[in-house]
Amino acid sequence: MVKHSLFKIVTAAAIAVGASLPAHAADPIKIGSVLSVTGPAAFLGDPELKTLQLYVEKLNKDGGVLGRQLQLVHYDDGSDASKANGFAKRLIDDDKVDVIVGGTTTGSTMSMVPLVEKAELPFISLAGAVVIVEPVKKWVFKTPHTDRMAAEKVFDDMKKRNLTKVALLSETSGFGASGKKETEAMAAKMGITLVANETYGPKDTDMTPQLTKIKNTAGVQAVFVFGLGQGPALVNKGYKQLGIALPLYHAHGVASEEFIKLSGPAGEGVRLPAAALLVADKLPASDPQKAVATAYRKAYSERYKEDVSTFGGHAYDGLMIAVDAFKRAGSTDKAKVRDAIEATKGYIGTGGKVNMSATDHMGLDQSAFRMLEIKNGDWILVN
Amino acid sequence: MLSQFLQFLFSGITVGATYALAALGFTLIYNASNVINFAQGEFIMLGGMLAFFFMQSGLPLPLAILLAIAIPAVVGMLLEKLAIEPARDAEVVTLIIITIGASLVIRGLIQIWLGKGAHSYPAFSGSEPIHLGGATLLPQSLWVLGVTALVVIALWYFFSRTLAGKAILATSCNRLAAELVGINTQWVLLVSFARSAALGAIGGVLLTPITLTSYDVGIMLGLKGFVAAVVGGLGNGLGAVLGGLLVGIIEAMAAGYISSAYKDAVPFILILFILFFMPRGIFGAQVTERV
Amino acid sequence: MALLEVDNLSKAFGGVTAVQNVSFAVDRGLVYSVIGPNGAGKTTLFNLITGVYTPTEGDIRLDGRSIAGVAPHQLASQGMARTFQNLQICMNMTALENVMVGAHLQLDRNLVKAMLRFPGLARRDRELKDRARELMGFVGLGGYWNRAANSMPYGALKRLEIARALAAKPQILFLDEPAAGLNSKDTAEIDELVRKVADNDVTVVLVEHDMKMVMNISDRILVLDYGKKLTEGTAREVRENPDVIAAYLGSNA
Amino acid sequence: MRVLRRHSALLFLAGLLLLLPLVLPNNFYYDIVIRMAINAIIVLGLNLLIGFAGQISLGHAGFIGIGAYASAIFPTHFGWHPLVAMAAGAAIASAIAAILARPIFRLKGHYLAMATLGLGIIIAIVIKNEAAYTGGPDGMPVAALGLMGFEISGEKQWYWVLAALLLFSFWAARNLIDSPFGRALRALHGSEVASQVMGVDVVRYKVAIFVLSAFFASLMGSVTAHYIGFVTPNIADFFHSIELVTMVVIGGMASIYGSLIGAILLTALPQALSTFEGWETVAFGSILMLCMIFMPRGLVPTLTARFRPNEREDP
């Protein structure tokens, strides 16, 4: 009895998971995606998925790509890298997708990398850390700016203001931990002294102990917070509560309208590097990104009635780079598409101007970051 | 240096009061039914999220708060009626998994309904910090502490001075015996779940201006509440409150003086040590098993 | 030398002294009963001797060796076995397995050998299974081998406990109210079983409420009242002791 | 004949594992079966502890994490052979379990749950924080598992490795249950005092089974790490512990078949639910609750009881 049910369950499970398998000749182009739509990284994965769904729909309405429709096959890894690995296998072996756009976190991305390398499938990651594209992996690309760029941008700005003694407060999430490492390296390179180096947990509700320590550290001239999501907003509040008057910088992980709302008055004067997307309406008309950023912003907020974040923008860029590559390759042949992605030149996206090469699978330079400041509850461009 | 210590202390007490409220919720349900309700954290989340939602929809503050406390209480009763009561005689792990299932359902529904973003609303009496001995304290923290204290007093009065409270204690001791002396134990269980859910929700409502809220804040709060409840000795209300404060203060001190990276580990190391030397928590009763 | 000697044994729980200065000795091969009104400390006395509780004062000697405060699992290896007033059958196992647990100490308990099912271990296990079946037959549970313990009637479980205790090959067996909750027919059968056990060279110490049974089968009887020894003697001596009559009439009748 | 009957379930499982590749269409299905097998082996060990011995552990993922990270760290940072690393991981996990088991198993019920939970979380936090060795929250890659020039790679090879491991574990677990050791274990669950009086050194058995289940959890952590080729702290996470306990309870406590069924179902379920678009969590939670409310003893024991009310599952 037991044994029979065991077999039935296996087959039933197999049928249940394999139900979505059409295989006609007029195939759509399949865009695979594994995103962290739930779990701790959900606030990244959620807008990413929404963006992909929105634009796949839009592209299809406009006649698709290469005369074929696009089909989005997406799975939620629940912010668990091991699940991402499993779903990547499903995309590769079962759904037989033509490209993967996704991998919300660095952990998820890195767990998928060996699979796409082996399957020789183009993969555009939406995660931040430098390790994804350094060293260069043949089939792996990414669209978001790296944490290293963020650290460099912030330190640049600090140096302009003659701030060289900095307290670092980083989150213990993957984003924060990688950011901490890059920031430490960048500080040494740029002649910045980290006089304090504290961390907080992504689910912490009170950062005043760490901030008190920083406040009482001698010689601090500025504070740099490397985190994502709600934590940094709480840092702002604690900062204000303690009455710390030093310049406060955040990383690009909080580049969303939500951050301003959550911080309330405590956010005033805070600076951070971010893509032009957030200040699309404030860009000069001559700015090449203005059109793209405004259009994306409009489309997203009209459809979902919520504010844009730069994370959704990364998904937009990833999808558009893939689509662009399909067009230039003239087919979905994986090797050709890969080559086309690598040959992406001058693509203007929400994240900046992308110039990929055999040695650079991200293709963004420092100009992609703008230094923003919160003023009167809105972003303004510094400089 | 004193001001630094005070600052850590304030931080610890505020966070600790949260844990205390969560731990009290655990204790109330545990006392009535011997169930550890792993969905306790979700009631805290519900309180904050619902208060945000109702304020957003333009309801006046008192009404929004009332609804944000009443709805979780109903959810608590439903949980008891539909999930705990039918499986009452099951083993400890089975009940744990039922409550974990319930927490997933609550969290999932809120996530679908109100989204994944974080939310907040203004503090009840402004956000201008109060200066005290060189350290600062938010007015909202006083709200949290004050209400926690009120709750503790009310509960103490209820359990030691009213018949209904004694009925609940009797039910936890021996359900059958309680029924024999005419206590409606079904009602007792229902009320206990409602009360503990409401308590969690109150915590959520008060905390949100300080800590923000989102669909998934309940997990960590629930876990820390459980730690606090065990530190205090399961089933001991005063122990739960002191346990909560202790865990909060130790966390803040660990973050301030030892290592902010390991501060989350400190409460768990603490609980292991406490249990090794006091197998029933600090304030737990010693019992002799009968053969 | 007596098999079991108890010297001035006392046990206090907080302020309550459940057993106070009790001394007695049990000779080999006897059926020795402990009686007394409810709350007289009979079960506490059992729990003290079998290591479940640690004595507050006094000494217990088995075969001349002191066993006061020795853990129960160590006493088992010295030939002591017992049953419980409130059944302590492992309801998560079959009847036969319950009996086999009784023989725990006679078997190879090595974890790795067990996992890899070493031939020697498996063979001895099979032999034990046969002996356990015999024992179940001996106590009158012939047909119950593969029954789940939680599906067996109360009377059968009482015997199962005895079979399990016997599987340990004890030299002394403590029976805590073996007839409690049984009807007169079952009681008579237990009565017979206890005699049969004693005839097999196992010393039996018995706590029992059923006076008829006690008087019937006991070689010697110890009477406790309020934790103290009231008297000790043969059935006849005890029956005629005025103190005993007073204790029973005064508190129970 | 007796041998055949005794091993009929084992032979059936072997036959099933032998024939399964015939119906597995591609690597993805192999992957699912491999993950099922990995979970099943861990759950078998955990069920010995929770179901048979009646001792809860909410921190077992910590031991899995130790194994996984031993296999990741020792070969990467110290150049150890993966098999040596695997053994070292199992040794470390067993040692931690052995040292802490004595104080931990003086605890009962929810206190025991709390202590094991705390232990698991502490291990997870250490893994997350020691980024210099562990790669921090983003995890680190794991070298391939090789032996004498031969490297296990690809789902098909791993399938056979896991099939063999699963068969062995199934066989060993059944042997253990039906042995003096196993009976003592179940007896102490049924009645701690009775088993003591029968000569069972209760603490020693609890410690032994805790160490054994930690040992297997660590080994399977290593296997998982090598199989996936990448490891993140999620593997040691509290939620992973809960997931495993859920498998034990849904399948059926104190049931060997239940362990298999529980692992299979709860590994397949997220895949099956992945098309639910945001409702996965709600669906998963509801299924857990319904299973436990209507089958509090778990699937296999409930069904067995329905068909053979007076008998126990034959060990």
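Looking at B:H119, only its backbone comes within 4.5 Å of chain A, counting heavy atoms on both sides. Residue B:F10: no heavy atom, backbone or side chain, is found under 4.5 Å from chain A. With a threshold of 4.5 angstrom between heavy atoms, B:P139 does not approach chain A through any atom at all. At a 4.5 Å heavy-atom cutoff, B:L221 makes no contact with chain A through either its backbone or its side chain. With a threshold of 4.5 angstrom between heavy atoms, A:T38 approaches chain B through its backbone and through its side chain. Of the two parts of A:A233, only the side chain, counted from C-beta on, holds a non-hydrogen atom closer than 4.5 Å to a non-hydrogen atom of chain B. For a residue to count as touching a neighbouring chain, one of its non-hydrogen atoms must lie under 4.5 Å from one of that chain's; by this rule A:E258 touches chain B with the side chain only. Looking at B:S127, the atoms closer than 4.5 Å to chain A (heavy atoms on both sides) sit in the backbone and in the side chain alike. For chain A, no part of B:E251 is nearby; none of its heavy atoms comes within less than 4.5 Å.
Surrounding CZ of B:F124 are more than 12 heavy atoms belonging to other residues, nucleotides or ligands, all under 6.0 Å away. The number of heavy-atom neighbours closer than 6.0 Å to CH2 of B:W143, taken from other residues, nucleotides and ligands shown, is 12 or below. Counting heavy atoms of neighbouring residues, nucleotides and ligands inside a 6.0 Å radius, atom NZ of A:K165 does not exceed 12 of them. Enclosure of atom NZ in A:K181 is not indicated, since only 12 or fewer non-hydrogen atoms of other residues, nucleotides or ligands lie within 6.0 angstrom. Within 6.0 Å of CZ in B:F273 there are 12 or fewer heavy atoms belonging to other residues, nucleotides or ligands.
Top candidate by heavy-atom pairs under 4.5 Å with chain A, chosen from B:G117, B:A118, B:G256, is B:A118. Here B:A255 is the residue among B:A255, B:S3, B:P122 with the most heavy-atom pairs under 4.5 Å with chain A. Top candidate by heavy-atom pairs under 4.5 Å with chain A, chosen from B:L137, B:L138, B:T18, is B:L138. Ranked by heavy-atom pairs shorter than 4.5 Å toward chain A, the options B:S120, B:S11, B:P129 are led by B:S11. Heavy-atom pairs under 4.5 Å with chain B were tallied for A:K213, A:K237, A:Q241, A:M207; the largest tally goes to A:Q241.
For the pair A:K203 and B:D216, the minimum side-chain heavy-atom distance is below 4.5 Å. A heavy-atom distance below 4.5 Å is found between the side chains of B:V15 and A:T205.
Closest of all the heavy-atom pairs between A:T212 and B:F8 is CB-CE2, 3.8 Å.
With respect to A:D204 and B:K263, a salt bridge is recorded, a charged nitrogen being found less than 4.0 Å from a carboxylate O.
Considering CG of A:D206 and CD1 of B:I13, their distance stands at 12.0 Å, rounded to 0.5 Å. Separation of atoms CD (A:Q230) and CG (B:L212) is listed at 5.5 Å; rounding is to 0.5 Å.
Between the side chains of A:T208 and B:Q7, no donor N or O sits under 3.5 Å from an acceptor N or O. No hydrogens or angles considered: a donor-acceptor pair under 3.5 Å links the side chains of A:E198 and B:S260.
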